[in-house]
Structures are given as structure tokens and as C-alpha cells.
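The block underneath contains the structure these notes are about, expressed in C-alpha cells.
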Amino acid sequence: MKRAASMMLNAIPILSWTYTDLGKNSYWKDSTGSLWDDLFTLTYSRKDFERFTGSRTDEKAGPQIKFCLLREENDSLSVVINHMVTDGGGFKQCMYLFAGFYSQLLKSQNFVPEHTLYGDRGFESIVRGQSIIHRLGLLLSGRRDNNQRSTFGFPMDNSKSTSPFIVSREIPEELFRALKLQRLRSGATVNDFVLAAYFRALSKMLGMEGLEISIPIMIDMRRYLQDKDFMTPTNLSSTTIVKTAVLPGDSFADTLNKISFIMNRKKSGKLGMNTFLKLDAGFRIPFVNAYGIMAKVLKHPSISMTNIGIIDSSKLVFDGLSIENAVMFASIKYRPYLQLSVTSFGEKMTLGFGLYGSERDRENIEVLLDYLDKELNSAVEVNDN
């Protein structure tokens, strides 16, 4: 497994590069051949393993990915990657490649990857297929569909003593199966169910029933690529904002219908494309300050959600090993920001939050997860009746 980790640096060069921050003139530097003691760590301590999982890579020193194997009766593997290198969609592709390297090495110690993934990391291929008229229409119709600062926030502790942590909740298999069954009956997606539960949980916990709230959700723009082969890790995520109010007395079905209607309408209009078109225009038009545009239209929302989606059990295969569960979390946020991440693997779905916070913050997030649990269970109960 350690050799497979080293192979990742050779197969994906940017994982071994280092970043120099010079503002608008920042750049990546090729550091291939460097030796890093922290690329692969072996531990027998659950506490050390959790500490590793909450750590970050050092973009200036490298590497941009690191691994930690916890040896117990049932081993666990934690992998941390620099979000500057890739988003969740690219991270999944990296993990499929890593599992493939491990499996190939079991078959032959002489295995060497045939290709180096050194493709285009830009987003031009996403917008290239849009005509000028179509681009203008999308820019105008979705002009407010970018991250904006929220008018509400999640309760955070004022303590200055903080540390990184991840709080997760595995949804029981029976409930996940029931949600997928209700998806077929209702025409809504599992993402719609989770988003509806998120709106209802926040509205109740924050005392905002009857008030409109907005939640930006992340969109994997790889859906628009004609060639979906893994060329190189990169960030191809955009956002769309969902706004609605949970009224007093609204049932889960009422909220779900609102969310499903909003999402279906957005999907019919090139979901998430507006942000990429603005960035493309900013970098193409002479004398336009693209960085200024990003600062104005791309705010950090206080509360958001990302559905990282399915971790494909047919691709994440380590020969000779069985995987009980695979989970991927979004980047660990700093106060006052909070982001729900959602992943599924086989018949399991996991919700998670990462935060640099205090024990009080952890407790508040646990309460929010309790609300989410209750709402998802009510979704099944309501639809069964």
C-alpha cells in the first residue's frame, strides 16, 4: 500500500508539486523526486488516526496528498488531499486509481503505471460547447445563482480554543433503502430528500420556520464533459442556490415537493453553468479583473451542502480486502462556516460536517444531525402512509 501511495505521485505529477503564493502571480512548482516522510503513515492509535484525518496538507512543502493506515482488528485507511488540487469528484477518481495500483502490485511487484495524468486543469472544456447566445441567456437568467453571504448562521461557540474535527452519522441501511424506494415513488432524487431534511432541520433548530432561507449546494460540472475519462485531478465544482421556506405545519412531503420543483427547474437550465461563464468572461475580456469578479460574485456562504455522491464500489476495489464502508468529507471549515457533506457506498449513506471548533460546537452539530435523522425517518413514514 505504501508503494501504491508513492506511485500516485509519479502518475499524477501535481500531487508532488509545491505551491508558491504570490497573490495574482501564484504558481505551482514541480518538485518531483522529493522525499516526504509524511506521505504514508502507519499507526496503531485510534486517537492519532483521528488527528491525522483532521489534519491538512502543506501546499508550500508538499506532498499534496497523504495516507494513514490504522492497524486494528479491522484496519482503516484515511487519505487527505489538498482541496486546491481537486474537488470531491477528482478525489474519488484518485482513490479508484490508488486502489487499482494496490491491486496491480499484488499481482506483480514489477508493475509500473503506463500513463502519467497530466491533463488540462482548467474549466474551458465545460463552457466551450455553449454558443454566444446561449451563454448570454445563461448569464442573465442565472445572474443571482452564485454564492452570496447568508442572512442567517449556525450557532457557534465563542471559545478561542479550537481544533479540527469531523462529526459524521451513518444512515442505517434500512432507512437508505427506504429512501431509494421512495425516490422511485415520488420522482424526487435522494439528494432532494436530504436537502429537504436539511432545510427542515435548520428551520426548526434555528427557529426559522416561516422564513425563507437559502442554501448553496455544490454541483459537479463534470456532467457537461463530453470526455469523462480521468485526465488529471482538478476543481470542476460550481454552485446553485436553493431558496425556500418551511412553513409552520408543512409536512415533509410539502417541503420535498418544493425542493424537487426548484431542482427540476434548475436542471433544465444548465445547472451550475452561470458561475463558470462569469469566470470565463472575466479571464477572456481584456483589462477585466477576474479576481475582482470572483471576490464580488463568489462569497463564502455560512451554511451550505455538497453531495459528493456515490463512491463506486465496483471501482474502489483493493484485491484481497473487503471494504465495510467508504466515506468522503468536504473540507474542514472555519467558523462561522458549516457545510454538510453526503456520500454513499453500496447500501450505506453517510452525512458529515468538518469544523475547526470547540466541544460545544461539536455538540451543536450532533444536535443538527439528530434533527436530520428525525426528518429523514419522517420522510419514509410519511410516504409509507
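Remember, predicted model here, so these are calculated numbers, not experimental data. The residues of the chain are indexed from 1 along the displayed sequence.
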Working for ring pair (Phe, Tyr, Trp, His ring centres under 6.0 Å), residues Phe98 and Phe67: CA-CA 11 Å; Phe98 172 68; Phe67 304 77; 4.7 Å; yes
Side chain Ser260, main chain Asn257, donor-acceptor under 3.5 Å: no
Charged N-O contact under 4.0 Å between Arg200 and Asp250: no
From Ile311 atom CD1 to Phe345 atom CZ, the distance as rounded to the nearest 0.5 Å: 7.5 Å
From CA spacing to verdict: salt bridge (Lys or Arg N to Asp or Glu O under 4.0 Å), Glu366, Arg362: CA-CA 6 Å; Glu366 290 281 8; Arg362 184 195 293 267; 5.8 Å; no
Polar side chain donor-acceptor pair, Tyr337 to Ser302, under 3.5 angstrom: no
Candidates Glu170, Lys348, Glu347 - the one meeting side-chain hydrogen bond (donor to acceptor under 3.5 Å, both in side chains) with Asn325: Glu170
Aromatic plane relationship, Phe193 with Phe252 - under 30° parallel, 30 to 60° tilted, over 60° perpendicular: parallel
Evaluation steps, side-chain hydrogen bond (donor to acceptor under 3.5 Å, both in side chains), between Thr350 and Thr343: CA-CA 5 Å; Thr350 304; Thr343 55; 4.8 Å; no
Ion pair check, Asp21 and Lys60, cut-off under 4.0 Å: no
Polar side-chain atom of Asp220 near backbone of Ser237 as donor-acceptor pair, under 3.5 Å: no
Flag side-chain contact, heavy atom, 4.5 Å: Cys68 against Leu77: no
Stepwise side-chain hydrogen bond (donor to acceptor under 3.5 Å, both in side chains) check, Thr240 with Lys266: CA-CA 8 Å; Thr240 190; Lys266 287 179 175 291; 3.1 Å; yes
Flag side-chain contact, heavy atom, 4.5 Å: Leu97 against Met8: yes
Side-chain donor or acceptor of Asn235 paired with backbone N/O of Asp87 under 3.5 Å: yes
Phe49 six-ring face occupied by Lys47 cation (under 6.0 Å, within 45°): no
Donor-acceptor under 3.5 Å (Ser108 side chain, Asn110 main chain): yes
Side chain Ser103, main chain Asp319, donor-acceptor under 3.5 Å: yes
Check: Ala11 main-chain N/O paired with Tyr118 side-chain donor or acceptor under 3.5 Å: no
Flag for Thr162-Lys160: side-chain donor and acceptor within less than 3.5 Å: no
Side-chain heavy atoms of Leu15 within contact of Val85, under 4.5 Å: yes
Connected via hydrophobic side-chain network under 4.5 Å: Ile303 and Met263: yes
Tyr96 side chain to Asp312 backbone, donor-acceptor under 3.5 Å: yes
Donor-acceptor contact below 3.5 Å, side chain Ser341 vs main chain Phe329: no
Test: Lys204 and Glu209 ion pair at under 4.0 Å: no
Sidechain-backbone polar pair: Gln64 side chain, Trp17 backbone, donor-acceptor under 3.5 Å: yes
Separation of Leu256 CG from Phe199 CZ (nearest 0.5 Å): 12.5 Å
Main-chain N/O of Pro233 paired with Arg121 side-chain donor or acceptor, under 3.5 Å: yes
Side chain to side chain, Leu106 and Phe318, heavy atoms closer than 4.5 Å: no
